[in-house]
Amino acid sequence: MRLLYDLGIFLYGTLLRLIAPFHAKARLWVGGRKGLLKQISQTVDSNQKHIWFHFASLGEFEQGRSVMERIKQRYPEEKIIVTFFSPSGYEIRKNTALADYVFYLPEDTAANARKFLDAINPKLAIFTKYEYWYHYFDALEKRGIRLLMISAIFREEQLFFKRHGGFYRRILKKVSFFFTQNLESVHMLKWIGITKAGLAGDTRFDRVVELPKTHKAIEQVKEFVGDKRVLVGGSTWPADEELIKDLLSRYPDWKAIIAPHEIHDEHIEQLMKLFPSALRFSKFGTYAAEEIAREQVLIIDNIGMLSSLYYYGDIAYIGGGFGAGIHNTLEGATYGMPVIFGPKYEKFKEAMDLVELGAGFPICSKEELEHIFATLQDPEKLKLAGESAKKYVHTRSGATQIIMKYLETEKLIGENGS
């Protein structure tokens, strides 16, 4: 099975290299790894111990961010290295002040894992939610370096729990400790013989619970909103945007802020065709005051603003539910807003919870969206749904504190952990 795993890693890398000239993300993935190990060995002081955080992409970075922030606050002398698998994480957070170094993760081969660990000299490795790489985990285990998985969550249909999943179970058994999002995941790990696991919760809650207190004021958005009620479309895709267009035609007194998941020129041009009179954030300074007051849609054509944009909203529409799966519902919920999203949400525990609490509303069609939106025009129903969303976020924070207590008790950070 390991041979098949190594072949899969090789074929995946080969495929990306073949399509890189024609695909922007593949081009970034490939380009970011050219000469990477040499760059790391020349940049990082291998005599210095580091805490290594790895994230699949941007969402996982935001999930594990609260732990990094707490370590930097309490132990500023600690050196942190961050790696990303995906360009969408690396390109946006490559200059984060939370890390001393940020790199792409070299492909998972035995040689790469050995050279990478030699270069960064980790005293501790922390992975978030998922990303199970055999050779990196094996190399960490052989060197006696603790590997922690935070905000881990498991589902019965995953390979780890299948009869033919023995190889993948061996990967899990190389993890020193799992901090899981729910109790079911602890039980599932025990079923396959892994007992070094405990319930901590989802570290994302610790991050998002602070957002309303630390959000950035955006004067252009404040001016656009005025005294109107606002729908914030977060991380939307074309299918979501079509629904929002139909909805807004029925609610001319509402305004909408649309922050699409993809902000490349082609998608922004598609959005402008869908909403011909919409304002673009990047051109906001060119609009007259009466035009800003009159227009119904503001398109956000840059990155990094979404968590603050929700401050200006009354209802959130979370994109992705008509594709691979919905994006982050918690950033809208923490501001005390009901959240609406497409049908593919079953793999997201927080979305399931919000639906059960009457704070989240799944839709499959424009008719369902219109029905939910009409229901939420009732001020009392809107208020109750928003309060339930906010309470949900607040009552589930605290995972970071549990993880920090473990790190300190086990003396994995600070002077004694060096």
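- Under the 4.5 Å side-chain criterion, counting only non-hydrogen atoms from C-beta, R93 is in contact with E62.
- A donor and an acceptor atom, one from each side chain of D202 and Q63, are located under 3.5 Å apart.
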Checklist entry - Can you list the steps and then say if S235 with I318 is a side chain to side chain contact (heavy atoms under 4.5 Å, CB included)? => result CA-CA 6 Å; S235 298; I318 311 302; 5.7 Å; no
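- Heavy-atom minimum distance, A256 versus L248: CB-CD1, 3.6 Å.
- The CD1 atom of I403 sits 7.5 Å away from atom CG of L407, with the distance rounded to the nearest 0.5 Å.
- In this structure, OG1 in T96 is found 6.0 Å from CE in M68, a value given to the nearest 0.5 Å.
- Note: F284 and F281 have tilted aromatic rings, judged against thresholds of 30 and 60 degrees for the angle between ring planes.
- Aromatic ring centres of F179 and Y406 lie closer together than 6.0 Å.
- Between F103 and F116, the distance from one ring center to the other does not fall under 6.0 angstrom.
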Next on the checklist: Run I244 and I258 through side chain to side chain contact (heavy atoms under 4.5 Å, CB included) and show every step you take.
Outcome noted: CA-CA 9 Å; I244 292 173; I258 299 177; 4.2 Å; yes
Checklist entry - Between D138 and K142, does a salt bridge (Lys or Arg N to Asp or Glu O under 4.0 Å) hold up when you go through it step by step? => result CA-CA 6 Å; D138 187 57; K142 287 177 177 175; 3.0 Å; yes
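- Contact annotation: the side chain of N182 approaches that of S185 to within less than 4.5 Å [non-hydrogen atoms, C-beta and beyond].
- Between I299 and M272, the closest side-chain pair of non-hydrogen atoms falls below 4.5 Å.
- Heavy atoms of other residues, nucleotides or ligands lying less than 6.0 angstrom from CD of Q401 number 12 at most.
- In K349, the NZ atom is crowded: over 12 heavy atoms of neighbouring residues, nucleotides or ligands sit closer than 6.0 Å.
- With ring centers used as reference points, F85 lies under 6.0 Å from W133.
- Under a 4.0 Å N-O distance rule, the pair R250/D246 does not qualify as a salt bridge.
- Scanning for ring-ring contact (aromatic ring centres under 6.0 Å, His included) contacts around F167 gives Y5, Y134, with sequence neighbours left out.
- For the residue pair T83 and H54, a side-chain donor N or O sits within less than 3.5 Å of a side-chain acceptor on the partner.
- Counting only heavy atoms from C-beta outward, the side chains of H50 and D100 never approach each other to under 4.5 Å.
- Side-chain atoms of I413 and M404, non-hydrogen and from C-beta on, do get closer than 4.5 Å to each other.
- Aromatic ring orientation, F137 versus Y132: perpendicular (interplanar angle above 60°, classes split at 30° and 60°).
- Looking at K72 and E69, no side-chain N of the basic residue comes within less than 4.0 Å of a carboxylate O on the acidic one, giving no salt bridge.
- Of all heavy-atom pairs between A333 and V339, the closest is N-CG1, 4.0 Å.
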Next on the checklist: If you apply the rule salt bridge (Lys or Arg N to Asp or Glu O under 4.0 Å), what do you find for E210 with K213, and how did you get there?
Outcome noted: CA-CA 5 Å; E210 297 296 320; K213 307 172 191 174; 3.5 Å; yes
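- The side-chain heavy atoms of I257 and V225, taken from C-beta on, include a pair separated by under 4.5 Å.
- Contact detail for R2 and A110: the closest heavy-atom pair is NH2-CB, 4.3 Å.
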Item to check | Intermediate values then yes/no, side chain to side chain contact (heavy atoms under 4.5 Å, CB included), E60 and R65 | outcome: CA-CA 8 Å; E60 290 71 36; R65 182 172 180 162; over 6 Å; no
Next on the checklist: Could you go through F205 and Y392, starting from their C-alpha distance and side-chain angles, then the distance that decides it, and tell me whether this counts as side chain to side chain contact (heavy atoms under 4.5 Å, CB included)?
Outcome noted: CA-CA 9 Å; F205 288 95; Y392 172 74; 3.6 Å; yes
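- Stacking of K255 on the aromatic ring of F224 is recorded, both the 6.0 Å distance cut-off and the 45° axial limit being met.
- Partners of V355 according to the side-chain contact (heavy atoms from CB on, under 4.5 Å) rule, which considers only residues two or more places apart in sequence or in another chain, are F341, Y345, P362.
- Of the options K115, R17, R33, a salt bridge (charged side-chain N to carboxylate O under 4.0 Å, His left out) to E107 is made by R17 and by none of the others.
- Taking a 6.0 Å sphere around NE2 of H371, one finds it holds 12 or fewer heavy atoms contributed by other residues, nucleotides or ligands.
- Below 30°, between 30° and 60°, or above 60°: for H215 and Y335 the angle between ring planes is above 60°, a perpendicular geometry.
- R204 has a carboxylate O that lies under 4.0 Å from a charged side-chain N of E350, or vice versa, which qualifies the two as a salt bridge.
- Between the side chains of S151 and T203, at least one donor N or O sits under 3.5 Å from an acceptor N or O.
- Around CD of E157, the count of heavy atoms belonging to other residues, nucleotides or ligands within 6.0 Å exceeds 12.
- Heavy-atom minimum distance, R169 versus L159: NH1-O, 4.3 Å.
- Note on ring orientation: taking the six-membered ring where Trp is involved, the planes of Y251 and F373 are perpendicular (angle over 60°, cut-offs 30° and 60°).
- Open room surrounds NZ on K222; 12 or fewer heavy atoms of other groups in view lie less than 6.0 Å from it.
- Nearest heavy atoms, I315 versus M337: N-SD, 3.5 Å.
- Within 6.0 Å of CD on Q48 lie more than 12 heavy atoms contributed by other residues, nucleotides or ligands.
- Between I145 and P122, the shortest heavy-atom contact is CD1-O, 3.4 Å.
- Between E370 and K366, none of the side-chain N atoms (NZ, or NE/NH1/NH2) sits under 4.0 Å from a carboxylate O, so this pair counts as no salt bridge.
- For the residue pair S88 and S57, a side-chain donor N or O sits within less than 3.5 Å of a side-chain acceptor on the partner.
- Under the 3.5 Å distance criterion, with hydrogens and angles disregarded, a donor-acceptor pair is assigned to the side chains of S66 and T400.
- Salt bridge absent: D314 and R229 never bring a charged side-chain N and a carboxylate O closer than 4.0 Å.
- E410 has a carboxylate O that lies under 4.0 Å from a charged side-chain N of R146, or vice versa, which qualifies the two as a salt bridge.
- Salt-bridge check for K411 with E408: failed, with every basic side-chain N at 4.0 Å or more from each acidic carboxylate O.
- Looking at E242 and K245, no side-chain N of the basic residue comes within less than 4.0 Å of a carboxylate O on the acidic one, giving no salt bridge.
- At a cut-off of 3.5 Å, with distance as the only test, no side-chain donor of N121 or S46 sits close to an acceptor on the other residue.
- A donor and an acceptor atom, one from each side chain of W237 and H327, are located under 3.5 Å apart.
- A donor-acceptor contact closer than 3.5 angstrom is absent between the side chains of Y104 and Q39.
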Next on the checklist: Please evaluate residues E331 and S307 with respect to the criterion side-chain hydrogen bond (donor to acceptor under 3.5 Å, both in side chains), reporting the C-alpha separation (whole Å), side-chain torsions for both, the decisive distance (0.1 Å), and the verdict.
Outcome noted: CA-CA 6 Å; E331 288 187 352; S307 62; 4.9 Å; no
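- A donor and an acceptor atom, one from each side chain of D240 and H261, are nowhere located under 3.5 Å apart.
- Here Y168 contributes atom OH and I192 contributes atom CD1; the two are 14.0 Å apart, rounded to the nearest 0.5 Å.
- Aromatic rings of F127 and W52 (six-membered ring for Trp) have centroids within the 6.0 Å cut-off, being under it.
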